[in-house]
J.: 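Handing you this structure, nothing more for now.
One-based numbering, in listed order, for ligands and for the atoms of each.
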Amino acid sequence: MTETVKKPIKASEMEPSFKYEISKMHGGEKLMRCFQCGTCTSDCPVARFSDTYRPRQIIRMAQLGLKKRVLDSDTLWLCAACFTCTDRCPQDVEVASVIRVLRNLAVEQGHFPQVFKDQASCILESGYAYKIPELRLKKREGSGLPPLPKGNPESVCKTLRGVGFLKHIKKEGE
Ligand code: SF4
Ligand code: SF4
């Protein structure tokens, strides 16, 4: 993945149809209403602590058709999906939903952080998002706590296979 925002924009990297692609998807319909007021960024709790995460810029990149930049962007994955931006946008853009649409498109292209791939692998293996260390399980037992309920990953696996997600979480070389 590459850092996206500060590089000069070349006309050749703009895909005008990208905004229509997003606008056709559930949650992305109001993308073109954004008039770049910046309210989403100024109220975003993640932007407050990040030098690079700016929802307004993500929306603008999407409007301009900078498809590769926005889908390759690491910052896309910093959104905490708190929906503050959606609540505050004067144009009712549904910013958080547009970001979800962009993430879904990024995943379709196999562009998403390894940490999420690892989490998905854990869910598929055990039903838990994190592998719980054996030592911790023993400590639990030693403290007289009941065993953790068994995860049931089969139905998740079926769904993920159905939507073609499994191929994205195989590690390189597997
Ligand atoms: S608050 Fe809404 S209109 Fe303003 S920049 Fe963000 S998305 Fe655009
Ligand atoms: S939903 Fe994402 S972009 Fe919107 S305010 Fe929350 S963290 Fe920021």
J.: For atom CZ of Phe35, is the number of surrounding heavy atoms from other residues, nucleotides or ligands below 6.0 Å larger than 12?
T.: yes
J.: Test of understanding: given a 4.0 Å heavy-atom threshold, classify the contact between Pro90 and ligand 1 as side chain, backbone, both, or neither.
T.: side chain
J.: Is the backbone N or O of Ala96 less than 3.5 Å from a side-chain atom of Thr86, with the two atoms forming a donor-acceptor pair by type?
T.: yes
J.: Please report which non-hydrogen protein atom sits nearest to atom 2 (Fe) of ligand 1, along with the residue it belongs to and the distance in Å to one decimal place.
T.: Cys89 SG, 2.3 Å
J.: With heavy-atom distances below 4.0 Å as the criterion, list the atoms of ligand 2 near Pro45.
T.: 5 (S)
J.: In terms of atom number and element, which parts of ligand 2 are under 4.0 angstrom from non-hydrogen atoms of Ala81?
T.: 1 (S), 2 (Fe)
J.: Identify the closest protein heavy atom to atom 3 (S) of ligand 2: which residue and atom is it, and at what distance?
T.: Tyr53 OH, 3.1 Å
J.: Whether Glu21 and Lys67 form a salt bridge (side-chain N of Lys/Arg under 4.0 Å from carboxylate O of Asp/Glu) is what I want to check.
T.: yes
J.: Could you tell me the residue and atom name of the protein heavy atom closest to atom 5 (S) of ligand 1, and the distance to it rounded to 0.1 Å?
T.: Gly38 N, 3.2 Å
J.: May I ask you to identify the nearest protein heavy atom to atom 8 (Fe) of ligand 1, giving residue, atom name and distance to one decimal place in Å?
T.: Cys34 SG, 2.3 Å
J.: Rounded to the nearest 0.5 Å, how far does CZ of Arg56 lie from SG of Cys89?
T.: 12.5 Å
J.: What residue and heavy atom of the protein are closest to atom 7 (S) of ligand 1, and at what distance?
T.: Val95 CG2, 3.5 Å
J.: Check whether any side-chain heavy atom of Tyr128 sits under 4.5 Å from a side-chain heavy atom of Leu148, and report yes or no.
T.: yes
J.: Using a strict cut-off of 4.0 Å, indicate which atoms of ligand 2 neighbour a heavy atom of Cys85.
T.: 1 (S), 3 (S), 4 (Fe), 5 (S)
J.: What are the atoms of ligand 2, with element, lying closer than 4.0 Å to any heavy atom of Thr84?
T.: 5 (S)
J.: Measuring to atom 6 (Fe) of ligand 1, does Cys40 have an N/O/S atom at a distance below 2.8 Å?
T.: yes
J.: Any idea which atoms of ligand 2 are less than 4.0 Å away from a heavy-atom of Phe83?
T.: 1 (S), 6 (Fe)
J.: With a 4.5 Å cut-off on side-chain heavy-atom distances among I, L, V, M, F, W and Y, is there a chain of contacts connecting Leu145 to Leu137?
T.: no
J.: Checking side-chain polar atoms at under 3.5 Å, does Asn104 have a donor or acceptor matched by the opposite partner on Glu108?
T.: no
J.: Number the atoms of ligand 2 from 1 as they appear, then name those within less than 4.0 Å of a heavy atom of Ala96, with their elements.
T.: 1 (S)
J.: Using modelled atom types and a 3.5 Å cut-off, is there a donor and acceptor pairing between side-chain atoms of Glu94 and backbone atoms of Gly27?
T.: no
J.: Output yes when Glu13 and Arg69 qualify as a salt bridge under the 4.0 Å nitrogen-oxygen rule, no when they do not.
T.: yes
J.: Provide the number and element of each atom of ligand 1 under 4.0 Å from a heavy atom of Arg56.
T.: 5 (S)
J.: Please list, in number order, the atoms of ligand 2 under 4.0 Å from a heavy atom of Val46.
T.: 7 (S)
J.: For atom 6 (Fe) of ligand 2, what's the nearest protein heavy-atom neighbour? Residue, atom name and distance, please.
T.: Cys82 SG, 2.3 Å
J.: Could you verify whether a donor N or O on one side chain and an acceptor N or O on the other, from Gln63 and Arg60, lie under 3.5 Å apart?
T.: yes
J.: Once you round to the nearest 0.5 Å, how far does CE of Met14 lie from CG of Leu64?
T.: 4.5 Å
J.: Show the atoms of ligand 1 that are less than 4.0 angstrom away from any heavy atom in Gln36.
T.: 5 (S), 8 (Fe)
J.: Looking only at protein heavy atoms, which one is nearest to atom 4 (Fe) of ligand 1, and how far off is it?
T.: Cys37 SG, 2.3 Å
